[in-house]
Amino acid sequence: MDDGKDKVVVCTGSGRPGGLGEAILQRFAEDGYRVVVSDIDGSEDANRSHLSAEADRTRVAQTLAATTGEEVPVITCDVRDPASVTALFGQVVDRFGRLDVLVNNAGIGFVMKHSREVTPTEWQLVLDVTLSGVFHCSQAAAGIMEKQGWGGRIINIASQAAKSGFPHMAPYCAAKHGVIGLTRTAAIDYGASGITVNAVCPNHVTTGLGSAQNAYFSKFFGISEAEYLEGMRERIPLKRIGLGSDTASLCAFLASAEASFITGEAINVSGGEEMH
Ligand SMILES: NC(=O)c1ccc[n+]([C@@H]2O[C@H](COP(=O)([O-])OP(=O)(O)OC[C@H]3O[C@@H](n4cnc5c(N)ncnc54)[C@H](O)[C@@H]3O)[C@@H](O)[C@H]2O)c1
């Protein structure tokens with residue numbers, strides 16, 4: 001698929017090397033799109049070990065620039081904050097004069113504990129980033145796409161946790177299930193403007209977030225990380241663990257002309273582990 005020529009794609013939460021956001025933008029860069037890295041500046045945050053730092057964002061942008069052959073902009077944005085989101089898309093339009101694809105990828109998966117121990121602050125944080133952030137960014141991006149008049153694509157990175165429950169993941173599962181609801185409603189609301197809205201539901205990928213989950217759940221089940229990953233590989237019908245490029249391939253398809261009649265869907269990328 002290489003119908004990206006001159007098109008512009010923004011991916012939130014794409015400023016961590018090895019993350020799904022980087023893999024998604026890498027694929028779009030290979031397909032000829034102009035790509036925009038966006039992420040929170042997590043350097044002052046109490047949770048900074050799980051968030052993008054300036055050096056991370058620069059590294060991701062440099063890797064992508066090696067493919068695009070031109071400078072890749074990095075625009076910091078906290079998806080929880082509507083003013084920050086408005087500023088992000090304002091800068092994109094100032095620079096490129098258009099917006100074709102939004103990938104809502106920012107998410108928080110590091111609050112892992114039994115439901116009875118989740119604090120109101122933790123609950124709110126996960127919901128604010130992982131669910132409300134998708135709403136704020138989609139609203140801002142769709143507003144631009146509607147004015148442009150040629151439609152657009154919104155792709156929401158949900159999760160297997162958008163379809164099934166998992167132990168010790170209450171806020172994350174609730175937020176991701178909510179992302180599917182948002183996807184379906186946005187697909188209806190923006191359909192007449194030629195904007196498709198779909199969700200992508202990967203199972204485990206060993207990113208920064210994925211590694212934190214491996215460490216937590218192997219301890220939770222009382223096994224080594226290697227045993228935990230082996231068990232995962234065994235139960236996946238296709239007998240391998242997913243890669244960022246698997247998710248990126250589906251994003252590329254959903255953004256392409258081939259997918260122009262697909263909207264409101266929540267598609268698994270799980271090697272068959274999740275089938276509904
Ligand atoms: N890795 C997996 O196993 C997996 C599986 C299914 C879905 N996902 C989803 O994929 C997406 C990417 O996750 P990842 O695994 O690449 O992890 P990651 O930690 O590399 O990416 C998450 C990104 O979100 C950013 N972020 C956090 N708070 C933010 C905020 N307020 N504003 C803007 N950005 C913010 C982080 O800085 C980080 O760069 C997430 O939505 C995650 O839930 C991941």
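We count ligands from 1, going down the list as the structure has it; atoms in each ligand are counted the same way. All values below come from the heavy atoms of this structure, side chains included, with hydrogens, waters and symmetry mates left out. A quick note: this is a predicted structure, and the numbers were derived from the prediction, not measured.
Checking N105, N104, V129 against atom 28 (N) of ligand 1, the nearest heavy atom belongs to V129. Heavy-atom proximity to atom 31 (N) of ligand 1, evaluated over L125, D128, D78, is greatest for D78.
Looking at atom 8 (N) of ligand 1, its nearest protein heavy atom turns out to be Y172 OH, 3.6 Å. Nearest protein heavy-atom neighbour of atom 17 (O) of ligand 1: L209 CB, 3.2 Å. Of the protein's heavy atoms, D39 OD2, 2.6 Å lies nearest to atom 39 (O) of ligand 1. Among protein heavy atoms, the minimum distance from atom 15 (O) of ligand 1 is reached at T207 OG1, 2.5 Å. Here the heavy atom of the protein found nearest to atom 5 (C) of ligand 1 is N203 O, 3.3 Å. What sits closest to atom 6 (C) of ligand 1 on the protein, heavy atoms only, is P202 O, 3.3 Å. At the shortest separation from atom 44 (C) of ligand 1 among protein heavy atoms lies L20 CD1, 3.7 Å. Among protein heavy atoms, atom 21 (O) of ligand 1 sits closest to G13 O, 4.0 Å.
By the side-chain hydrogen bond (donor to acceptor under 3.5 Å, both in side chains) test, T86 is found to be paired with no residue, residues two or more places apart in sequence or in another chain being considered. Under the rule for a side-chain contact (heavy atoms from CB on, under 4.5 Å), the partners of E117 that lie at least two apart in sequence or sit in another chain are K113, H114.
Residue contacts with ligand 1 leave out T12, since none of its heavy atoms falls under 4.0 Å from the ligand. Contact analysis puts A158 in contact with ligand 1, with a non-hydrogen atom separation below 4.0 angstrom. At least one heavy atom of K176 sits less than 4.0 Å from an atom of ligand 1. For G109, the closest heavy-atom approach to ligand 1 does not fall below 4.0 Å.
With salt bridges taken as basic N to acidic carboxylate O contacts below 4.0 Å, one links R240 and D246. Contact check on R16 versus E22 returns no salt bridge, with no Lys/Arg side-chain nitrogen under 4.0 Å from an Asp/Glu carboxylate oxygen. Between E71 and R95, at least one side-chain nitrogen of the basic residue sits less than 4.0 Å from a carboxylate oxygen of the acidic one, meeting the salt-bridge criterion.
Listed by atom number, the atoms of ligand 1 under 4.0 Å from R80 heavy atoms are 31 (N). Taking a cut-off of under 4.0 Å to the non-hydrogen atoms of H204, the atoms of ligand 1 that pass are 3 (O). Every atom of ligand 1 with a heavy atom of S52 under 4.0 Å away is listed here by number and element: 37 (O).
Residue-level proximity to ligand 1 for Q160 is absent, since no heavy atom of it falls below 4.0 angstrom. By the criterion of a heavy-atom distance under 4.0 Å, the backbone of C77, and not its side chain, is placed next to ligand 1.
By the 3.5 Å distance cut-off applied to N or O atoms, I108 is not counted among the residues near ligand 1. In terms of N/O distances under 3.5 Å, ligand 1 is not approached by G19.
E273 and N203 share a side-chain donor-acceptor pair at under 3.5 Å. Of the N and O atoms on the side chains of T67 and Q26, at least one donor lies less than 3.5 Å from an acceptor on the other residue. The closest side-chain donor-acceptor pair between E146 and S193 falls under 3.5 angstrom. If you check the side chains of R57 and S52, you find a donor sitting under 3.5 Å from an acceptor. Residues Q124 and T121 have side chains that never bring a donor and an acceptor to within less than 3.5 angstrom of each other.
For N104 against G133, the heavy-atom pair with the smallest separation is OD1-O, 4.3 Å.
Here the side chain of K163 pairs a donor or acceptor atom with the backbone of A266 at under 3.5 angstrom.
Between Y228 and F217, the ring planes lie parallel to each other; the angle is under 30°, not in the 30° to 60° tilted range.
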